[in-house]
Amino acid sequence: MAATSAAAMAIPLLINLLRGAYDLASVTTTHAKLLKLGAASSVASSNHLLVAYCRCGSIALAHHVFDGMLDRNVVSWTALMSGYASAGQPSAVFALLRTMARSGVPPNAFTFSTAASACALLANAGLGRQVHARAEVSGDARDNFVATALVGMYGKACRVGDARAVFDAMPATARSAVSWGSMLSVYAQNALGHDAIQLFTEFRTNGQDMAPNHFMLSSVVNACAGVGRLSIGKCVHGMILRLGHEDNDVIAVALLDMYSKCGCYEYSKMVFDRIKQPSVIPYTSIIVATAKYGLGRTALSLFSEMVDRGVQPISVTLIGVLHACSHSGLVDAGLQLLRSMRSKYSVAPCASHYTCAVDMLGRAGRLEAAFELANEARVEGNDDLMLWSSLLSACRNHKRLDLATMAGEKVSEFSTAMAWEKVSELSQEVAGALVVMSNTYDSAGQADEAAAVRSDMRRRGIRKVPGCSWIEIKDVAYTFYVGEVSPAGERAGEVMLLLDELECKMREKGYKGRLGSDRVFDGYEEDGDERGKGVMVGVHSEMLALGFGLLVIPKGMGIIRVMKNLRMCYDCHEAFKLISAIVEREFVVRDLNRFHHFRMGSCSCNDYW
DNA sequence: ATAGGGTTAG
């Protein structure tokens with residue numbers, strides 16, 4: 001009798017121990033004690049055990065407990081599913097869902113949100129839709145957790161519209177900070193930075209005075225980075241400081257990345273230097289930043305500092321270092337790294353590393369070596385395309401029609417099997433390569449061949465996304481397309497006059513390029529005629545954005561920052577250098593993959609890009 | 001007792 005009552009008193013204590021257990025040893029010890037007391041088999045204790053095993057990452061033992069249960073309720077099923085989802089085995093979740101349905105235990109909101117997040121892990125919108133439909137039927141879709149999980153699920157499956165529809169269907173009062181954050185990250189992760197920033201503004205006005213949490217803040221910073229909105233980014237940085245989130249490492253990395261993508265390497269470095277024990281991710285991020293600024297030596301010293309501190313590099317880190325070597329002409333250091341990365345850092349070189357190295361040799365004009373390496377790489381599938389198209393660009397820049405033709409043929413093999421009806425990263429890569437091919441023929445004096453490539457592109461409906469450039473003025477982004485001055489509004493006329501005037505002064509300084517009209521088909525921007533009668537025919541978007549910036553940003557306001565969605569064009573690069581000397585101002589251009597800082601007639605890239 | 005967000009790449 002006495003023993004039994006002692007046991008009855010011990011059980012709640014043991015359950016409490018399970019609740020706080022994060023290591024396997026204490027869970028198994030407690031499990032043994034419960035068994036001795038004969039108290040391990042009730043649904044409640046079994047569920048506690050199951051959850052505790054999952055928490056310690058021991059999904060096998062959790063499943064063992066589950067198998068031994070005579071009775072299982074919805075908690076047992078859901079807890080095990082959740083265990084599998086966090087163990088990165090989403091498929092097991094669906095197997096359990098099916099057996100659960102057969103066993104007659106109805107799912108609840110917990111089950112649906114777990115199932116939705118498993119679909120998110122798989123990025124499978126088809127399965128996700130089924131889960132969504134069943135939750136609608138049961139009424140659980142109205143649950144805030146379920147709706148939030150569905151938003152995230154559609155987002156991970158790239159169904160941004162569906163995600164927004166779920167978000168919009170939630171009653172405004174039901175939206176938690178997590179719901180807002182989830183929607184925000186859907187935009188940020190799907191490269192819709194402008195929408196993310198817009199939603200953040202909405203949150204601040206309609207969010208019922210909820211304070212943004214660190215998840216939300218890192219997503220907004222990420223969005224600012226993506227679209228280069230420095231002033232908003234700085235403003236969010238201010239909020240981060242006020243709310244005391246500056247020591248959060250994820251936030252720090254987001255800020256670091258934002259400053260680096262907005263043309264402020266020094267700020268990036270300051271944020272990095274405040275991180276106490278930088279892991280591989282901050283190191284990788286700062287190394288990638290140095291690469292964009294052509295600071296190859298700095299990249300190498302950061303890399304060795306990292307290794308000396310015992311931080312193990314990962315694949316992306318090495319891509320960053322190679323990229324830095326490439327942009328700084330540190331060819332031998334880069335090649336050495338490529339050759340030794342497997343043995344020294346246990347990272348096997350993949351297609352991206354080879355592409356970087358081929359690009360590096362190509363830039364340096366070592367085209368034969370680049371070809372050899374490309375052939376040696378033997379990478380497969382679509383990664384191959386990047387390799388050859390980067391080589392093709394290098395051949396064009398070094399005016400090697402013979403080698404360009406060989407690389408061009410490799411690229412063409414892809415273009416035949418391509419689905420052109422939808423714009424993808426891949427189709428853009430091929431389209432870009434064909435444009436380069438056409439121009440290579442042109443500059444080699446083979447106008448007919450060049451025209452053939454272009455008419456072939458037209459016939460097959462292959463087109464590049466239009467190039468555009470934007471500039472942020474007082475928190476508003478103004479986007480320009482080739483030949484269209486209209487975003488400048490009532491100052492359009494002044495922009496045109498200013499550019500004319502600058503062109504005259506540039507001619508006096510020996511500028512041979514073309515600002516507009518009969519410029520060559522450079523492929524980076526389409527002809528302006530189909531976007532309405534461009535008032536400045538052929539003038540590139542970066543030039544229009546610069547002209548507008550020169551007019552509206554007074555000289556004392558410092559650097560003019562222009563963003564472009566594609567690579568900066570060679571003629572514009574020359575022109576920007578001259579203009580920086582003529583007007584005695586500094587410009588930073590953020591291109592598709594790096595920065596150019598123009599000052600006193602020259603560029604930070606030293607024309608090596 | 002079971003559930004929902006965030007960072008590095010070309």
Side-chain angles (χ1 to χ4, degrees), chain A residues 15 18-19 42-52 54-55 73-83 85-86 107-118 120 140 143-153 155-156 176-186 188-189 212-223 225 245 248-258 260-261 275 278-289 291-292 313-323 326 350-353 355-356 359 383 386-387 389-390 425 429 592-594:
Chain A
I15 296 294
L18 279 182
R19 266 204 267 259
S42 73
V43 179
S45 338
S46 298
N47 283 347
H48 278 294
L49 280 166
L50 207 165
V51 170
C54 286
R55 193 166 48 230
N73 62 14
V74 62
V75 177
S76 331
W77 288 97
T78 307
L80 190 61
M81 285 178 208
S82 154
S86 27
N108 64 10
F110 287 74
T111 322
F112 283 115
S113 50
T114 305
S117 70
D140 288 307
D143 179 273
N144 173 263
F145 275 68
V146 175
T148 304
L150 288 170
V151 169
M153 178 278 292
K156 290 279 190 306
S176 66
V178 182
S179 324
W180 284 94
S182 184
M183 191 61 229
L184 205 57
S185 73
V186 167
Q189 288 165 357
N213 59 28
H214 56 288
F215 289 100
M216 214 184 277
L217 291 165
S218 55
S219 288
V220 189
V221 173
N222 183 234
H245 291 304
N248 178 302
D249 280 4
V250 175
I251 297 243
V253 173
L255 284 170
L256 189 175
D257 184 55
M258 185 273 292
S260 99
K261 288 180 177 161
I275 302 176
S279 71
V280 67
I281 293 176
Y283 265 116
T284 302
S285 187
I286 192 74
I287 287 170
V288 167
K292 289 189 202 299
I314 53 174
S315 185
V316 183
T317 322
L318 288 151
I319 292 171
V321 183
L322 284 170
H323 195 214
S326 172
C350 70
S352 307
H353 301 98
T355 304
C356 258
D359 184 61
D383 296 330
M386 304 290 270
L387 202 63
S389 73
S390 112
E425 217 172 301
E429 187 74 23
L592 187 61
N593 47 35
R594 65 163 298 151

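All values reported here derive from a predicted model rather than from experimental measurement. Just so it is clear: chains get the letters A, B, ... in the order the sequence lines come, proteins before strands, and each one is counted from 1.
Annotation: side chain of A/Ser352 is not in contact with side chain of A/Met386 (no heavy-atom distance under 4.5 Å). Looking only at side-chain heavy atoms (C-beta outward), A/Pro282 and A/Asp249 stay at 4.5 Å or farther from each other.
Atoms CG (A/Leu592) and P (B/dA9) sit 13 Å apart, rounded to a whole Å. In this structure, A/Asp257 atom CG and B/dG6 atom C1' are separated by 13 Å, rounded to whole Å. Atom CG in A/Asn213 sits roughly 12 Å away from atom P in B/dG5 (whole-Å rounding). Nucleotide B/dA3 holds its P atom 15 Å from the CG atom of A/Asp140, rounded to whole Å. As a whole-Å value, the separation of A/Lys292 NZ from B/dT8 C1' is 10 Å. In this structure, A/Met216 places its CE atom 11 Å from C1' of B/dG6, rounding to the nearest Å. Whole-Å rounding puts the A/Met81 CE to B/dT2 C1' distance at 10 Å. Straight-line distance from the CG atom of A/Leu150 to the C1' atom of B/dA3: 12 Å, rounded to whole Å.
In the set B/dG4, B/dT7, B/dA3, B/dT7 carries the atom at the smallest distance from any side-chain atom of A/Gln189. Side-chain atoms of A/Thr114 lie closest to B/dA3 of the nucleotides B/dT7, B/dA3, B/dG5. For A/His323, counting side-chain heavy atoms from C-beta on, the closest listed nucleotide (B/dT7, B/dT8, B/dG10) is B/dG10. Of the candidate nucleotides B/dG4, B/dG6, B/dA3, B/dG6 has the atom lying nearest to any side-chain atom of A/Ser219. The side chain of A/Val316 lies closest to B/dA9, out of B/dA9, B/dG6, B/dG5. Closest contact between the side chain of A/Asn108 and the listed nucleotides B/dT7, B/dT2, B/dT8 involves B/dT2. Residue A/Asn222 has its side chain nearest to B/dT8 when only B/dT8, B/dT2, B/dG6 are considered. Counting only heavy atoms from C-beta on, A/Lys261 has its side chain closest to B/dT8 among B/dA3, B/dT8, B/dG6. Closest approach to the A/Thr78 side chain among B/dT7, B/dG10, B/dT2 is made by B/dT2 (side chain taken as heavy atoms from C-beta onward). In the set B/dG4, B/dG5, B/dT2, B/dG5 carries the atom at the smallest distance from any side-chain atom of A/Phe215.
In this structure, A/His214 NE2 and A/Ser219 OG are separated by 10.5 Å, a value rounded to the nearest 0.5 Å.
Distances shown here put a side-chain N or O of A/Ser185 below 4.0 Å from the OP1 or OP2 atom of B/dG6. In this structure, A/Lys156 does not reach the B/dG4 phosphate: none of its side-chain N or O atoms is under 4.0 Å from OP1 or OP2.
A/Ser390 comes within 4.0 angstrom of nothing in the nucleic acid, heavy atoms only. As judged by a 4.0 angstrom heavy-atom cut-off over every strand, A/Asn593 is placed among residues making no nucleic acid contact. Within 4.0 Å of A/Val178, counting heavy atoms only, lies at least one base atom of the nucleic acid. No contact: A/Asp359 has no heavy atom under 4.0 Å from any strand. Counting non-hydrogen atoms under 4.0 angstrom, A/His48 reaches the backbone sugars and phosphates but no base.
If you check distances only, the side chain of A/Ser176 does reach the base of B/dG4 with a donor-acceptor pair under 3.5 Å. Below the 3.5 angstrom threshold, one finds no donor paired with an acceptor across the side chain of A/Ser117 and the base of B/dG4.
A search for side chain to side chain donor-acceptor pair (under 3.5 Å) contacts involving A/Thr284 returns A/Thr317, not counting sequence neighbours. With sequence neighbours excluded, no residue forms a side chain to side chain donor-acceptor pair (under 3.5 Å) with A/Arg55.
By the criterion of a centre-to-centre distance under 5.5 Å and near-parallel planes under 30°, the ring of A/Phe145 forms a stack with the base of B/dA3.
Shown here for A/Ala116 and A/Ala149, the closest heavy-atom pair between the two residues is CB-CB, 3.8 Å.
A glycosidic torsion no more than 90° from 0 defines the syn conformation; B/dG6 lies beyond that range and is anti.
Of the possible polar contacts, none joining the A/His323 side chain to the A/Ile287 backbone as a donor-acceptor pair under 3.5 Å is found.
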